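The structure appears right after this line, and notes come after that.
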Amino acid sequence: GLFVSVLLASRLPSPFHGTSLICFAVGIFGFFPIFRKKLNQNTTVYLKFTLFMFFLTCLLLCFTSFAMLLLFIITTGFLTFVCPLWLQYMQRYKFLISGPWDEALPTLRGPTSFKH
């Protein structure tokens, strides 16, 4: 993320714009993951922050495009609720097929002597 920001900053019209983009990128890609990790220690605060970010995104998309807002809500709902349920449903059809394409299972035969 930071490398792309540096590349984009070189294309901006002034050093002020480039510096602003780099500072924003450091905040987003450098400090925000640390902040989210600290929030994850308290699940109630983490859930509230996640819902706040979701509704903030919906609010900002509402001003931008109503179609994008609907697409965002449908996609988020599908990925959050439908896909995990679908995965649990599909687990009953999972079975082991042994063939040459499967991963190797190492077996230990005990101590062996190597003769050269």
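We're numbering straight along the sequence, starting at 1. Given the structure is predicted, the values throughout are model-derived calculations rather than measurements.
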Do the rings of Phe49 and Phe32 sit parallel, tilted or perpendicular, given the 30° and 60° boundaries?
tilted
If a pair satisfies side chain to side chain donor-acceptor pair (under 3.5 Å) and one of its residues is in [range], list it, with sequence neighbours excluded.
range          : result
residues 17-44 : Ser14-His17, Arg36-Tyr46
residues 56-71 : none
residues 69-89 : Tyr89-Tyr93

Enter the distance from [X]:[atom1] to [Y]:[atom2] here, rounded to the nearest 0.5 Å.
X     : Y     : atom1 : atom2 : value
Leu61 : Leu71 : CG    : CG    : 9.0 Å
Cys58 : Leu69 : SG    : CG    : 5.5 Å
Leu70 : Ile74 : CG    : CD1   : 5.5 Å
Leu56 : Leu51 : CG    : CG    : 12.5 Å

Tracing side-chain contacts under 4.5 Å among Ile, Leu, Val, Met, Phe, Trp and Tyr outward from Phe16 reaches none
With clusters defined by side-chain heavy atoms of hydrophobic residues (ILVMFWY) lying less than 4.5 Å apart, directly or transitively, does Phe35 cluster with Val45?
yes
Is Met68 reachable from Ile73 through a run of I, L, V, M, F, W or Y residues, each pair having side-chain heavy atoms under 4.5 Å apart?
yes
Output every pair passing ring-ring contact (aromatic ring centres under 6.0 Å, His included) with a member in residues 56-85, not counting sequence neighbours, ordered by first then second residue.
Phe54-Phe72
For Leu8, enumerate each residue passing the side-chain contact (heavy atoms from CB on, under 4.5 Å) test, keeping only those at least two apart in sequence or located in another chain.
Val4, Leu21
Leu7: what forms a side-chain contact (heavy atoms from CB on, under 4.5 Å) with it, not counting sequence neighbours?
Phe3
I want to check something: taking the side chain as every heavy atom from C-beta on, are Ser5 and Phe29 in contact at a cut-off of under 4.5 Å?
yes
